[in-house]
Amino acid sequence: MNRARSPARGAARPPRVRRLRRKELPVDTVALARFLLGKLVVRELPRARLVGRIVETEAYLVGDAACHAFRGMTERNRSLFRAHGHAYVYLAYGSSWMLNVSGEPEGTGAGVLIRALEPVSGLAAMERARGTRERRDLLRGPGRLAQALAIDRALDGTDLCARGPVWLGDDGADPGAHGASVRIGITKDAERILRYYVRGNRYVSGPGRLNP
DNA sequence: AACATGATGATCT
DNA sequence: GATCATCATGTTC
């Protein structure tokens with residue numbers, strides 16, 4: 001591999017990452033969507049640890065027609081009803097896996113879609129999984145990040161606050177200023193301002209007009 | 001029939 | 001390099 005392309009140029013060791021505890025997560029889906037900006041998604045693979053910083057999220061709420069749980073629990077959306085901090089992974093458009101974090105107490109269906117990550121470490125494995133070395137395209141977009149991190153249905157229901165194949169971390173980095181907009185790619189309840197992103201971050205997805 | 005998308009190619013800078 | 005329009009895709013209800 002070409003070490004010159006590593007993002008950790010000049011770093012003697014990777015930054016220390018602390019796993020988030022469930023009681024640290026807001027028990028409110030909107031609050032969680034904002035809280036997660038700047039935090040880390042850590043994917044443990046047999047040969048590598050892949051890490052990305054969350055730079056874009058969307059909240060899907062109780063009573064929200066765009067939320068998969070809107071019409072009640074089904075076999076697919078079951079994980080959305082787990083206690084906050086569990087993974088809900090589903091297939092969109094027949095080909096893209098979506099990673100969500102459940103956001104309410106057990107029995108209530110709502111969650112946060114992780115829409116984009118900034119690459120932090122494990123870039124070589126991400127490049128292999130994505131079939132490109134274009135850094136900006138590795139994790140920008142919910143389907144791309146799932147592909148880069150080898151996230152699929154096998155991870156649905158995973159406790160993201162426990163030791164396991166994928167979890168949420170914090171390295172103490174300043175999350176930076178947040179922006180908000182309508183959500184991307186939906187038709188129902190499309191006017192609600194429930195998308196959050198890190199202002200000025202190059203790895204945020206979506207059209208420029210939504211990222212002022 | 002709808003759908004929480006991405007790759008591609010055209011066009012502009 | 002950025003942005004935009006187009007369409008392939010197959011699960012889910």
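A quick note: this is a predicted structure, and the numbers were derived from the prediction, not measured. Just so it is clear: chains get the letters A, B, ... in the order the sequence lines come, proteins before strands, and each one is counted from 1.
- Within 4.0 Å (heavy atoms only), A:Leu113 reaches at least one base atom of the nucleic acid.
- At whole-Å resolution of the value, CG in A:Leu91 and C1' in C:dA8 are 14 Å apart.
- Nearest to the side chain of A:Lys188, among C:dA2, B:dC3, B:dT5, sits B:dC3.
- The pair A:Arg183-A:Asp64 meets the salt-bridge criterion, with a side-chain N (NZ, NE, NH1 or NH2) lying under 4.0 Å from an Asp/Glu carboxylate O.
- Within 4.0 Å of A:Arg183, counting heavy atoms only, lies no atom of the nucleic acid at all.
- In this structure, CG of A:Leu210 is placed 13 Å from C1' of C:dT3, rounded to the nearest angstrom.
- Of the inter-residue distances, the one linking A:Tyr88 atom OH with A:Arg76 atom CZ reads 4.0 Å to the nearest 0.5 angstrom.
- A:Arg209 comes within 4.0 angstrom of nothing in the nucleic acid, heavy atoms only.
- The residues A:Glu118 and A:Arg53 are annotated as not salt-bridged, no charged nitrogen and carboxylate oxygen being separated by less than 4.0 angstrom.
- Under 4.0 angstrom from either OP1 or OP2 of C:dT12 there lies no side-chain N or O belonging to A:Arg71.
- A straight line from CG of A:Asn77 to P of C:dT11 spans 18 Å, rounded to a whole angstrom.
- Comparing B:dA4, B:dG6, C:dC4 by their closest approach to the side chain of A:Ser96 singles out B:dG6.
- At the phosphate of B:dC3, OP1 or OP2 sits under 4.0 Å from a side-chain N or O atom of A:Thr187.
- Taking only side-chain nitrogens and oxygens, A:Thr74 comes nearer than 4.0 Å to OP1 or OP2 of C:dC13.
- Considering only side-chain N and O atoms, A:Arg202 lies under 4.0 angstrom from the phosphate OP1 or OP2 of C:dA2.
- Going from atom CD1 of A:Ile184 over to atom P of B:dA4 covers 13 Å, rounded to whole Å.
- Each of C:dA2, C:dC4, B:dT5 was ranked by its minimum atom distance to the side chain of A:Pro207; first place goes to C:dC4.
- B:dT5: Watson-Crick or G-U partner is C:dA8, with both key distances under 3.5 Å.
- As rounded to whole Å, 16 Å separates atom C1' of C:dG1 from atom CZ of A:Arg135.
- Proximity note for A:Arg76 (side chain, C-beta onward) versus C:dT3, B:dA4, C:dC13: the nearest is C:dC13.
- Rounded to whole angstrom, the span from the CZ atom of A:Arg115 across to the P atom of B:dG6 amounts to 7 Å.
- For B:dG6, neither phosphate oxygen OP1 nor OP2 lies less than 4.0 angstrom from any side-chain nitrogen or oxygen of A:Arg140.
- A cation-pi arrangement is absent between A:Arg140 and A:Tyr203 under the rule of less than 6.0 angstrom and at most 45 degrees off the ring axis.
- Note on A:Arg153: only backbone sugar-phosphate atoms sit closer than 4.0 angstrom, heavy atoms only; bases stay farther off.
- We find the CD1-CG distance between A:Ile151 and A:Asp156 to be 11.5 Å, quoted to the nearest 0.5 Å.
- Between the OG atom of A:Ser102 and the CZ atom of A:Arg78 there is a distance of 12.5 Å, given to the nearest 0.5 Å.
- When rounded to the nearest whole Å, the span between OH of A:Tyr93 and C1' of C:dT11 equals 12 Å.
- Taking 4.0 angstrom as the limit, A:Arg130 places a side-chain polar atom (N or O) nearer than this to OP1 or OP2 of B:dA7.
- Regarding A:Leu138, its CG atom lies at a distance of 13 Å from the P atom of B:dG6, rounded to whole Å.
- Two residues, A:Asp137 and A:Leu80, neighbour DNA chain B, and the one matched to the more 5' nucleotide by heavy-atom proximity is A:Leu80.
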